[in-house]
Structure formats: structure tokens, C-alpha cells
Amino acid sequence: MITKAPRGTKDLLPDESYKWQYIERVIRRITKLFCYMEIRTPTFEHTELFVRGVGDTTDIVQKEMYTFFDKGERSITLKPEGTAGTVRSYIEHGLYNITQPVKMYYITPVFRYENPQAGRLREHHQFGVEAFGGPEASLDAEIITLAITLFNELGLRGLEVDINSIGCANCRPRYLEGLREYFKDHLDNLCNNCVSRYERNPLRILDCKNERCTAIRSDAPIILDYLCEDCKVHFQELQQYLSAASIEFKVNPMIVRGLDYYSKTVFEILSPGIGAQNTVCGGGRYDGLVSECGGPKTPGAGFGLGIERLLLTLENQGIEIPRSSTKEVLFVTIGEKARSKAFELLNNLRVNGISADMDHLGRSVKAQFKYADRVGFSWVCTLGEDELESGTVSVRSMDDGREESIPQNMLIDYITGEKGAK
RNA sequence: GUGGGUAUAGCUCAGUUGGUUAGAGCGCCAGAUUGUGGCUCUGGAAGUCGUGGGUUCAAAUCCCGUUACCCACCCCA
């Protein structure tokens, strides 16, 4: 039990962590290009924030939260998504008082109590962006463009962008009414889940994958026919902006998203071929969320992107992630005196920006060389009695086996030169 | 929460109709004339057979429970 990570969690060992570092590096570069700044919020929040922010009709709140009472008897929840905490922070620190828009991104673990499967864990990691204070469709288009730019940068191909508008507080009620009117005669044929959705949130019936429900809804009214003028124009503008950025998309009136806070734009980016959990990125506009959480009426838009699913997609497309080989010099020592000299020299190298290490196990020369080879050092510096006497070090290139005798005080210059030549 | 599959060494997996000290490949460690890696050869370490119970003279093997992993449903990243 104590030697097993909890269900749905994973260790990230050194032979994989380089992939994450790479992704994070690209994310930070792209967000900078789009002028987004990093925000880091707590791993847990008051449960009430998610109930209000995410919505108490959502599956997340109803059955997937890691909720517990702390020693002060506060109800605490591990963040199940990234938006609510960011919104809370935006309000708490009065960020609506500074120059708008406020554009932020985060990379954070999120927690959901679900049954694990391919591309779904109980702890996973999301890269997300949230942009507050901008009502224009250009902002919606910008976040979609940001996600696509990231995917392109990573070399991904064949992703599908689905967009839709789910209207606003003005026009959505009319549509919900229309949906109820339509489904009223089909209640007997809908799945149990959809029957309860009929009252709670008929929008979600459009989301159901049940065959019968799919068939029934094929003639259901389309939200796009119900949009008010404002939402209609906004959706058209979004499409114009996306086209201007040469982003291919598909209008899919069936995507509605599982979180309650969305208004107007919703979108998903799908990756075929990574199994059933194929939504890599999802988001949209949430003009009512900040006020719902107790702040001033503030428009906003954002998305969440699953890092694990992104890695699955990269793997699926056979994309090699560059492994930064940072191991440069290994000192091979013969005898105690050589060890202490090596310790001195290798620290000089490190201070001068050259990665270096030495044997810490007291192994034979042969074993030390073998180690250098296995671990992937570029050069081996041998120190034995001969070298100590002459004040030199034997530097061997592990690529071609070439070996030279270098004065110890010239070592840094020599390695630096060799690095440049590589 | 529901359904199906799986569980043997660090990894990938063999293991017969139940029958002695549970095997292989890869990896790891050491050695092949005492200061030199990759190839080869030799040797070594490493497994409570997921876990608890049951049947049996005898269980990795058969039965039941349980946990975990994989896949799928619901939903989502």
C-alpha cells in the first residue's frame, strides 16, 4: 500500500520528465508571444467556490470532487479545473481595477475522482489561459489561435477545431424552451440520464452519445437559429477572425460543454486516434462568471488543455520530443589523490557552466568508462598518477575516442572550445 | 457508479493435465593480465508468483473475496 501510488496518479520519472519540460518551455514561449502572464493559484480552494463557479448541476461538482474538511472544519476541495481559482484571484486582488484586459495562463495539476482509463487520470495537468475584461470576439479567436499555434509548434497535424455558440442570458432561455418543446414528445425514448437533463439542463441532451438520443435529436432545433442579434454577430465575427488567422474550424451545434459557466462561444479541439478521451482542449467565453462569483460584471474567455492527452497525441503521431542531453564531462579517477583533485576541477567546470560529475561509487576505471558511456557523457577526463605529476588531464571524446592531454588550468577553455565545435 | 480483460525479476513475457531448489530476453553489477566505453564471452544479484482465504499429500496453476492496472460506458482535459 505505501509503496503504491494512489489510484489514478502517476509518477513522472527522469526518463519522461524531459518531455514535460519541453512542453512547458514551448507553452511559456507561445504565451509570451500572445502577451499572457503566468498566474499561480492554490491547489485547493473553498468548496463553495467550485459549487458556485463550476455549477452545481455539473458532474464535476456532483460526483467528481476531492472534498474534505480540514482541521479548522472548513470544507476544502482540490481544484477540479483551473478557471474558478483564477476568477477568485482576479476578484480578490481587484484585478478589474488595473488596465484591462488581464490575460493570464497557468500550468497546474487538477483533481477529479473518476475511474481512470486511457487519457483520464485522477490527477492530471492542465495548461489553461483566462482573459478577463474583453467582450470582443477577437479575444475568443485569440485563445483558439493560441492553442492551435502551440499545437503547430509541437508539430501536431490533423486536429479538429469545433466551435459553437450557446447564446447568452437573453437568448438561451428561448432556446431551452424550444428544446423542451421538441423533446417533450420523445421523453419515453430518451435515456434515463437525458430525461433528468430535460428538466435540469436540456442543452446537455445534445451531448449524449446514446444511439437513441442521437437519433431523436437529429431534428431538434438548432441554437444558432435562436441566437439574439448580439450573439449572432459575435459568432460571425469569431469565424471571420479565425479565417483571418487561417484556422480551419467546423461549426458544430452539438457541442455545449459540461460546465455551466459558458456563454456565447464554446469550442473543443479534438485529436483523433488517442482513444475515447479525444478532447485535448476545451473552452469558451464566460461573461457571467466573474459576477456569479461575487465580482463586478466582467466578460472573459479561456480554455483548458490536458497535458497528458497532449503527450498522448504527440506519441500517437510519432513525434519525437527533443531530449536535452546536458551531461558533458565525467571525471574518471584512479586513487584517492586523484579523487580530490577531480572534485576540485569538476567544481570549476560547473561554476563555468559546464555540466560535470565524477565517480561516487569507487568503481574500477573500466566501470567508470562504462558508466560514462551508459549515462551519455560527451567527454571523460581521466586523472591518475601520471596526470597528477604533470598537472594535466587526459580528455577523451566519447564520440570518436580521440584523447588529448590538456594542462589542468586549460581544461575549461578546452571543453568550451570543443562544445562550440560540436 | 457500471461492464469486460489482466496481475510471475527493474522492463517485456514463458511456465504443460496441479508435482522437487519458478525460467528466458533486455536491463543492472562484476570479470576476460593489474589506466579506458560501445561488440563479444563468462559469472552474479534480483521474484512474499498483487493480496487474503479455501480445496489438496502438494497451488504460480483450481475456487471465492479483495486491491491495483488496462479498456470501455457516464462525463471530461
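Values below: every heavy atom of this structure, side chains too, minus hydrogens, waters and symmetry copies.
With respect to A:Lys10 and A:Glu16, no salt bridge is recorded, no charged nitrogen being found less than 4.0 Å from a carboxylate O. The pair A:Glu153-A:Arg29 meets the salt-bridge criterion, with a side-chain N (NZ, NE, NH1 or NH2) lying under 4.0 Å from an Asp/Glu carboxylate O. Between A:Glu268 and A:Arg257, at least one side-chain nitrogen of the basic residue sits less than 4.0 Å from a carboxylate oxygen of the acidic one, meeting the salt-bridge criterion. The pair A:Glu142-A:Lys103 meets the salt-bridge criterion, with a side-chain N (NZ, NE, NH1 or NH2) lying under 4.0 Å from an Asp/Glu carboxylate O. A salt bridge is absent between A:Arg180 and A:Glu177; no separation between the charged side-chain nitrogens and carboxylate oxygens falls under 4.0 Å. A salt bridge does not link A:Glu45 to A:Lys79: none of the charged side-chain nitrogens sits closer than 4.0 Å to a carboxylate oxygen.
A residue-by-residue look at A:Tyr371 and A:Glu385 shows that A:Tyr371 has its nearest nucleotide of RNA chain B further toward the 5' end. Both A:Ala276 and A:Gly304 lie near RNA chain B, and the one whose nearest nucleotide falls closer to the 5' end is A:Ala276.
Using the Watson-Crick or G-U wobble rule with both distances under 3.5 Å, B:A9 pairs with nothing in any strand shown. The partner of B:G65, taking Watson-Crick or G-U wobble pairs whose two distances both stay under 3.5 Å, is B:U51. Pairing for B:A14 is absent, judged as Watson-Crick or G-U wobble with the two contacts each under 3.5 Å. The base-pairing partner of B:A72, taking Watson-Crick or G-U wobble contacts with both distances under 3.5 Å, is B:U2. Here B:C28 sits opposite B:G44 as a Watson-Crick or G-U wobble pair (both hydrogen-bonding atom distances under 3.5 Å). Pair assignment for B:U21: none, as no Watson-Crick or G-U wobble contacts are both less than 3.5 Å.
If you look at A:Phe183 and A:Tyr198, their ring centroids are not closer than 6.0 Å.
OP1 and OP2 of B:G31 both lie 4.0 Å or more from every side-chain N or O belonging to A:Lys366. For B:C69, one of the phosphate oxygens OP1 or OP2 lies less than 4.0 angstrom from a side-chain nitrogen or oxygen of A:Arg7. For the pair A:Gln126 and B:A77, the criterion of a side-chain N or O lying under 4.0 Å from OP1 or OP2 is not met. Between A:Arg363 and B:U36 there is no side-chain N or O to OP1 or OP2 distance below 4.0 Å. Between B:C70 and A:Lys10, a contact under 4.0 Å exists linking OP1 or OP2 to a side-chain N or O. Between A:Arg374 and B:C28 there is a side-chain polar atom (N or O) within less than 4.0 angstrom of OP1 or OP2. Not one side-chain nitrogen or oxygen of A:Arg396 sits closer than 4.0 Å to the OP1 or OP2 atom of B:G37. The side chain of A:Ser394 contributes no N or O atom lying less than 4.0 Å from OP1 or OP2 of B:U36.
Contacts of A:Arg120 with the nucleic acid, taken as non-hydrogen atoms under 4.0 Å apart, include base atoms. In this structure, A:Ile60 reaches neither bases nor backbone, as no heavy-atom distance under 4.0 Å exists between it and the strands shown. Residue contacts shown for A:Glu308 are absent, as no nucleic acid heavy atom lies under 4.0 Å away. Counting any heavy atom pair closer than 4.0 Å across all strands shown, A:Glu403 reaches a base atom. Within the 4.0 angstrom heavy-atom criterion, only backbone atoms of the sugar-phosphate kind lie near A:Ala118; the bases stay farther away. Among the heavy atoms of the strands lying under 4.0 Å from A:Gly401 is at least one base atom, whether or not backbone atoms are also near. Among the heavy atoms of the strands, none lies under 4.0 Å from A:Gln62. Residue contacts shown for A:Gly8 are limited to sugar-phosphate atoms, with no base heavy atom under 4.0 Å away. As judged by a 4.0 angstrom heavy-atom cut-off over every strand, A:Ser364 is placed among residues touching the sugar-phosphate backbone only. The residue A:Leu305 sits apart from the nucleic acid: no heavy atom pair falls under 4.0 Å.
With both ends at atom P, the span from B:A68 to B:G19 equals 31 Å, rounded to whole Å. B:G52 and B:G10 have their C1' atoms separated by 27 Å, given to the nearest Å. For the C1' atoms, the distance from B:G15 to B:U61 is 9 Å, rounded to whole Å. Straight-line distance between the P atoms of B:U16 and B:C63: roughly 14 Å, to the nearest whole Å. Comparing B:G37 with B:A32, their C1' atoms sit 16 Å apart, to the nearest whole Å. Separation of the C1' atoms belonging to B:C28 and B:C71 is 33 Å when rounded to the nearest angstrom. Rounded to whole Å, the P atom of B:G18 lies 42 Å from the corresponding atom of B:C74. Here the separation of B:U21 from B:A58, taken at their C1' atoms, is 16 Å to the nearest Å.
What separates NZ of A:Lys63 from P of B:C73 is a distance of 13 Å, to the nearest Å. In this structure, A:Met398 atom CE and B:G38 atom P are separated by 9 Å, rounded to whole Å. As a whole-Å value, the separation of A:Lys370 NZ from B:A32 P is 10 Å. Rounded to whole Å, the distance from CG on A:Leu330 to P on B:G35 is 18 Å. A straight line from CG of A:Asn115 to P of B:C74 spans 14 Å, rounded to a whole angstrom. The distance from atom CH2 of A:Trp379 to atom P of B:G37 is 20 Å, rounded to the nearest whole Å. If you measure from atom CG of A:Asp400 to atom P of B:G37, you get 15 Å, rounded to the nearest angstrom. To the nearest angstrom, C1' of B:G38 lies 12 Å from CG of A:Asp399.
Without hydrogens or angle criteria, A:Ser263 side chain to A:Asp287 main chain gives a donor-acceptor distance under 3.5 Å.
Environment of OH in A:Tyr113: sparse, with no more than 12 heavy atoms of neighbouring residues, nucleotides or ligands closer than 6.0 Å.
Side-chain to base pairing of A:Glu114 with B:A77: one donor and one acceptor N or O lie within less than 3.5 Å of each other. Between the side chain of A:Gln368 and the base of B:U36 there is no donor-acceptor pair of N/O atoms closer than 3.5 Å.
Comparing B:C71, B:G37, B:G1 by their nearest atom to the side chain of A:Phe369 picks out B:G37. Of the candidates B:G38, B:C69, B:A77, B:C69 carries the atom nearest the A:Lys4 side chain, counting heavy atoms from C-beta on. Here the side chain of A:Gln117 is nearest to one of B:C73, B:A77, B:U36, namely B:C73.
Ring planes of A:Tyr66 and A:Phe111: perpendicular class, angle over 60° (limits at 30 and 60°).
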